[in-house]
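Here's the structure, in C-alpha coordinates; my notes come after.
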Amino acid sequence: MDLKSLIRTIPDYPHEGIMFRDITTLFGDARGFRRTVDELVQPYAGYKIDAVAGIEARGFILGGAVAHQLSVSFIPIRKKGKLPWRTIGADYELEYGTDRVEIHEDAIAPRARILLVDDLIATGGTTAAGIELLRRTGAEVVGCSFVIELPDLNGATVLDKLGVPFHALVQFEGT
Ligand code: AMP
(Lines give C-alpha, C1' and ligand atoms only; values in the text may rest on other atoms or scores of the structure.)
Protein backbone atom coordinates (compact mmCIF):
# COMPACT_ATOMS: atom_id res chain seq x y z
CA MET A 1 0.00 0.00 0.00
CA ASP A 2 1.38 3.41 -0.98
CA LEU A 3 0.94 5.51 2.17
CA LYS A 4 2.64 8.50 0.56
CA SER A 5 -0.14 8.84 -2.02
CA LEU A 6 -2.69 9.13 0.83
CA ILE A 7 -0.97 12.25 2.24
CA ARG A 8 -2.28 15.53 0.82
CA THR A 9 0.16 18.36 0.13
CA ILE A 10 -1.05 21.93 0.52
CA PRO A 11 1.39 24.50 -0.94
CA ASP A 12 1.97 27.79 0.92
CA TYR A 13 0.18 26.74 4.14
CA PRO A 14 0.39 28.13 6.85
CA HIS A 15 2.75 30.54 5.09
CA GLU A 16 4.34 31.01 1.72
CA GLY A 17 7.07 28.53 0.86
CA ILE A 18 5.81 25.76 3.19
CA MET A 19 4.52 22.56 1.63
CA PHE A 20 2.11 21.42 4.34
CA ARG A 21 1.89 17.63 4.54
CA ASP A 22 -1.72 16.99 5.58
CA ILE A 23 -2.25 13.54 7.10
CA THR A 24 -5.99 13.97 7.69
CA THR A 25 -6.44 12.30 4.29
CA LEU A 26 -4.35 9.35 5.53
CA PHE A 27 -6.42 9.17 8.74
CA GLY A 28 -9.54 9.31 6.56
CA ASP A 29 -8.59 6.10 4.78
CA ALA A 30 -9.36 3.14 7.06
CA ARG A 31 -6.82 0.74 5.52
CA GLY A 32 -4.21 3.46 5.26
CA PHE A 33 -4.63 4.49 8.89
CA ARG A 34 -4.43 0.91 10.08
CA ARG A 35 -1.33 0.20 7.99
CA THR A 36 0.30 3.41 9.28
CA VAL A 37 -0.19 2.38 12.92
CA ASP A 38 1.03 -1.18 12.16
CA GLU A 39 4.19 0.17 10.53
CA LEU A 40 4.87 2.58 13.41
CA VAL A 41 4.57 -0.29 15.89
CA GLN A 42 6.42 -2.97 13.90
CA PRO A 43 10.07 -2.08 14.83
CA TYR A 44 9.11 -2.11 18.53
CA ALA A 45 7.23 -5.40 18.66
CA GLY A 46 9.14 -7.52 21.18
CA TYR A 47 10.92 -4.48 22.69
CA LYS A 48 10.43 -3.61 26.33
CA ILE A 49 8.42 -0.37 26.16
CA ASP A 50 6.67 1.04 29.24
CA ALA A 51 4.81 3.94 27.62
CA VAL A 52 4.23 5.84 24.40
CA ALA A 53 4.52 9.65 24.49
CA GLY A 54 2.76 11.66 21.77
CA ILE A 55 3.26 15.30 20.86
CA GLU A 56 0.14 17.53 20.52
CA ALA A 57 -1.89 17.28 18.41
CA ARG A 58 -1.37 14.77 15.60
CA GLY A 59 1.01 12.80 17.81
CA PHE A 60 -1.98 12.10 20.09
CA ILE A 61 -3.95 10.39 17.33
CA LEU A 62 -1.01 8.25 16.25
CA GLY A 63 0.54 7.74 19.69
CA GLY A 64 -2.77 6.68 21.26
CA ALA A 65 -3.25 4.01 18.60
CA VAL A 66 0.39 2.83 18.93
CA ALA A 67 0.08 2.63 22.74
CA HIS A 68 -3.11 0.58 22.39
CA GLN A 69 -1.40 -1.82 20.00
CA LEU A 70 1.63 -2.23 22.29
CA SER A 71 -0.66 -2.54 25.35
CA VAL A 72 1.21 0.23 27.19
CA SER A 73 0.20 3.57 28.68
CA PHE A 74 0.08 6.90 26.86
CA ILE A 75 1.65 10.20 27.94
CA PRO A 76 0.47 13.43 26.28
CA ILE A 77 3.15 16.06 25.62
CA ARG A 78 1.16 19.28 25.33
CA LYS A 79 1.75 22.85 24.25
CA LYS A 80 2.19 25.49 26.96
CA GLY A 81 -0.60 26.02 29.48
CA LYS A 82 -2.94 23.17 28.48
CA LEU A 83 -2.32 20.64 31.26
CA PRO A 84 -4.33 21.05 34.48
CA TRP A 85 -1.85 19.68 37.05
CA ARG A 86 1.75 20.70 37.96
CA THR A 87 3.99 20.51 34.89
CA ILE A 88 7.58 20.50 33.76
CA GLY A 89 8.39 22.10 30.43
CA ALA A 90 11.04 22.54 27.75
CA ASP A 91 11.35 25.55 25.45
CA TYR A 92 12.30 25.24 21.79
CA GLU A 93 12.99 27.56 18.88
CA LEU A 94 10.46 28.17 16.12
CA GLU A 95 11.01 30.02 12.87
CA TYR A 96 9.61 33.10 14.64
CA GLY A 97 10.13 33.06 18.43
CA THR A 98 9.92 30.14 20.82
CA ASP A 99 7.37 27.62 22.02
CA ARG A 100 7.13 25.28 24.98
CA VAL A 101 6.07 21.67 25.49
CA GLU A 102 4.93 20.35 28.86
CA ILE A 103 4.08 17.13 30.69
CA HIS A 104 2.59 16.52 34.09
CA GLU A 105 5.39 16.24 36.63
CA ASP A 106 4.05 12.87 37.83
CA ALA A 107 3.29 11.43 34.37
CA ILE A 108 6.31 9.16 34.12
CA ALA A 109 7.46 6.28 36.29
CA PRO A 110 11.18 6.40 37.21
CA ARG A 111 13.45 4.93 34.49
CA ALA A 112 10.49 4.27 32.19
CA ARG A 113 11.38 3.19 28.65
CA ILE A 114 9.48 5.43 26.28
CA LEU A 115 8.67 5.46 22.58
CA LEU A 116 8.05 9.00 21.28
CA VAL A 117 5.57 9.41 18.41
CA ASP A 118 4.77 12.40 16.19
CA ASP A 119 3.40 12.85 12.68
CA LEU A 120 6.40 14.56 11.10
CA ILE A 121 10.05 15.42 11.72
CA ALA A 122 11.39 18.52 9.99
CA THR A 123 14.22 20.38 11.83
CA GLY A 124 13.86 18.04 14.81
CA GLY A 125 13.34 20.96 17.23
CA THR A 126 9.97 19.77 18.52
CA THR A 127 11.17 16.20 18.99
CA ALA A 128 14.39 17.34 20.71
CA ALA A 129 12.32 19.35 23.21
CA GLY A 130 10.15 16.29 23.85
CA ILE A 131 13.22 14.11 24.41
CA GLU A 132 14.76 16.67 26.78
CA LEU A 133 11.54 16.80 28.78
CA LEU A 134 11.23 13.02 29.06
CA ARG A 135 14.90 12.63 30.01
CA ARG A 136 14.59 15.22 32.76
CA THR A 137 12.12 12.92 34.51
CA GLY A 138 14.70 10.10 34.41
CA ALA A 139 12.99 8.31 31.51
CA GLU A 140 14.88 6.58 28.72
CA VAL A 141 13.72 7.45 25.21
CA VAL A 142 14.27 4.19 23.34
CA GLY A 143 13.20 5.51 19.96
CA CYS A 144 11.04 7.88 17.94
CA SER A 145 8.50 7.00 15.25
CA PHE A 146 7.21 9.40 12.60
CA VAL A 147 4.93 9.03 9.62
CA ILE A 148 6.88 11.64 7.62
CA GLU A 149 10.49 12.80 7.50
CA LEU A 150 11.64 15.93 5.63
CA PRO A 151 15.32 14.89 5.22
CA ASP A 152 16.40 18.24 3.75
CA LEU A 153 15.71 19.88 7.15
CA ASN A 154 18.20 17.56 8.90
CA GLY A 155 16.15 16.38 11.87
CA ALA A 156 18.12 13.12 11.65
CA THR A 157 21.32 14.94 12.67
CA VAL A 158 19.62 16.35 15.77
CA LEU A 159 18.35 12.93 16.87
CA ASP A 160 21.74 11.38 16.10
CA LYS A 161 23.43 13.88 18.42
CA LEU A 162 20.91 13.01 21.12
CA GLY A 163 21.61 9.32 20.53
CA VAL A 164 17.99 8.40 19.86
CA PRO A 165 17.19 6.02 16.98
CA PHE A 166 14.18 6.87 14.83
CA HIS A 167 12.25 5.64 11.86
CA ALA A 168 9.87 7.35 9.46
CA LEU A 169 7.47 5.68 7.05
CA VAL A 170 7.73 8.13 4.14
CA GLN A 171 10.01 10.97 3.08
CA PHE A 172 9.31 14.16 1.15
CA GLU A 173 11.96 16.35 -0.44
CA GLY A 174 12.06 20.06 0.37
CA THR A 175 10.52 22.02 3.24
P1 AMP B 1 10.26 20.43 13.58
O2 AMP B 1 10.24 20.85 15.02
O3 AMP B 1 10.90 21.44 12.68
O4 AMP B 1 10.87 19.04 13.39
O5 AMP B 1 8.74 20.38 13.09
C6 AMP B 1 7.93 19.30 13.42
C7 AMP B 1 6.56 19.72 13.86
O8 AMP B 1 6.02 20.74 13.03
C9 AMP B 1 5.62 18.54 13.78
O10 AMP B 1 4.84 18.50 14.97
C11 AMP B 1 4.79 18.80 12.54
O12 AMP B 1 3.44 18.50 12.80
C13 AMP B 1 4.98 20.26 12.20
N14 AMP B 1 5.43 20.49 10.79
C15 AMP B 1 6.62 21.01 10.41
N16 AMP B 1 6.72 21.11 9.08
C17 AMP B 1 5.56 20.61 8.58
C18 AMP B 1 5.05 20.41 7.24
N19 AMP B 1 5.75 20.74 6.13
N20 AMP B 1 3.82 19.87 7.11
C21 AMP B 1 3.10 19.52 8.22
N22 AMP B 1 3.51 19.69 9.48
C23 AMP B 1 4.74 20.23 9.68
Side-chain angles (χ1 to χ4, degrees), residues 2-29 32-33 35-37 39-41 51-67 74-83 87-103 107 114-136 139 141-175:
D2 182 11
L3 296 179
K4 199 168 176 175
S5 68
L6 293 172
I7 298 165
R8 173 165 56 194
T9 294
I10 303 166
D12 298 322
Y13 181 89
H15 18 250
E16 219 179 301
I18 303 287
M19 300 289 272
F20 191 85
R21 308 300 176 177
D22 172 23
I23 58 168
T24 64
T25 43
L26 177 61
F27 292 158
D29 184 283
F33 186 28
R35 172 62 76 92
T36 300
V37 174
E39 289 192 16
L40 290 173
V41 167
V52 171
I55 301 178
E56 185 173 2
R58 281 158 279 169
F60 289 179
I61 298 160
L62 294 160
V66 169
F74 177 77
I75 298 156
I77 299 179
R78 298 212 64 180
K79 301 286 165 63
K80 185 168 71 185
K82 301 278 184 68
L83 288 166
T87 60
I88 53 173
D91 295 312
Y92 62 101
E93 301 286 323
L94 294 173
E95 202 181 343
Y96 309 101
T98 63
D99 211 342
R100 185 177 176 82
V101 283
E102 297 179 336
I103 51 174
I114 297 192
L115 171 63
L116 183 58
V117 174
D118 201 3
D119 65 325
L120 181 147
I121 180 162
T123 65
T126 311
T127 308
I131 292 169
E132 185 200 324
L133 197 51
L134 294 166
R135 283 182 169 170
R136 271 178 24 212
V141 182
V142 296
C144 297
S145 290
F146 305 97
V147 178
I148 302 165
E149 178 188 8
L150 307 182
D152 295 341
L153 293 175
N154 295 320
T157 313
V158 173
L159 294 197
D160 239 34
K161 280 200 188 118
L162 289 169
V164 179
F166 81 99
H167 82 123
L169 310 186
V170 306
Q171 299 186 325
F172 285 96
E173 278 177 24
T175 56

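Ligands are counted one by one from 1 in listed order, and the atoms in each one are counted from 1 as well.
- For atom 10 (O) of ligand 1, the nearest non-hydrogen atom from the set Thr126, Val158, Asp118 belongs to Asp118.
- Where the criterion is an N or O separation shorter than 3.5 Å, residue side chain and backbone included, Ala122 meets it with respect to ligand 1.
- Among Leu120, Leu116, Thr127, the one residue that satisfies the side-chain contact (heavy atoms from CB on, under 4.5 Å) test with Phe146 is Thr127.
- Distance check: Leu162 CG to Glu132 CD gives 9.0 Å after rounding to the nearest 0.5 Å.
- An N or O contact shorter than 3.5 Å links Thr123 to ligand 1 by distance.
- Here the options are Leu94, Asp91, Thr126, the test is side-chain contact (heavy atoms from CB on, under 4.5 Å), and the partner is Asp99; only Leu94 passes.
- Among Leu120, Ile23, Leu94, Asp99, the residue whose heavy atom lies nearest to atom 23 (C) of ligand 1 is Leu120.
- Environment of NZ in Lys80: sparse, with no more than 12 heavy atoms of neighbouring residues, nucleotides or ligands closer than 6.0 Å.
- Considering CD1 of Ile148 and OG1 of Thr36, their distance stands at 9.5 Å, rounded to 0.5 Å.
- Using 4.0 Å as the threshold, Asp119 has a heavy atom nearer than that to some atom of ligand 1.
- For ligand 1, the polar-atom distance check against Gly124 finds a nitrogen or oxygen pair separated by under 3.5 Å.
- The distance criterion of under 3.5 Å between nitrogen or oxygen atoms is not met by Ile18 with respect to ligand 1.
- Remark: Glu56 does not engage Lys79 in a salt bridge, criterion side-chain N to carboxylate O under 4.0 Å.
- Counting heavy atoms under 4.0 Å from ligand 1, residue Arg58 touches it through the side chain alone.
- Looking at atom 20 (N) of ligand 1, its nearest protein heavy atom turns out to be Arg21 N, 3.0 Å.
- By the 4.5 Å heavy-atom criterion applied to side chains, Phe60 and Pro76 are counted as neighbours.
- Distance screen at 4.0 Å: atom 8 (O) of ligand 1 has no protein heavy-atom neighbour inside the cut-off.
- No cation-pi contact links Arg100 to Tyr92, judged by a cut-off of 6.0 Å to the six-membered ring centre and 45° from its axis.
- Counting atoms of ligand 1 from 1 in the listed order, those under 4.0 Å from a heavy atom of Met19 are 18 (C), 19 (N), 20 (N).
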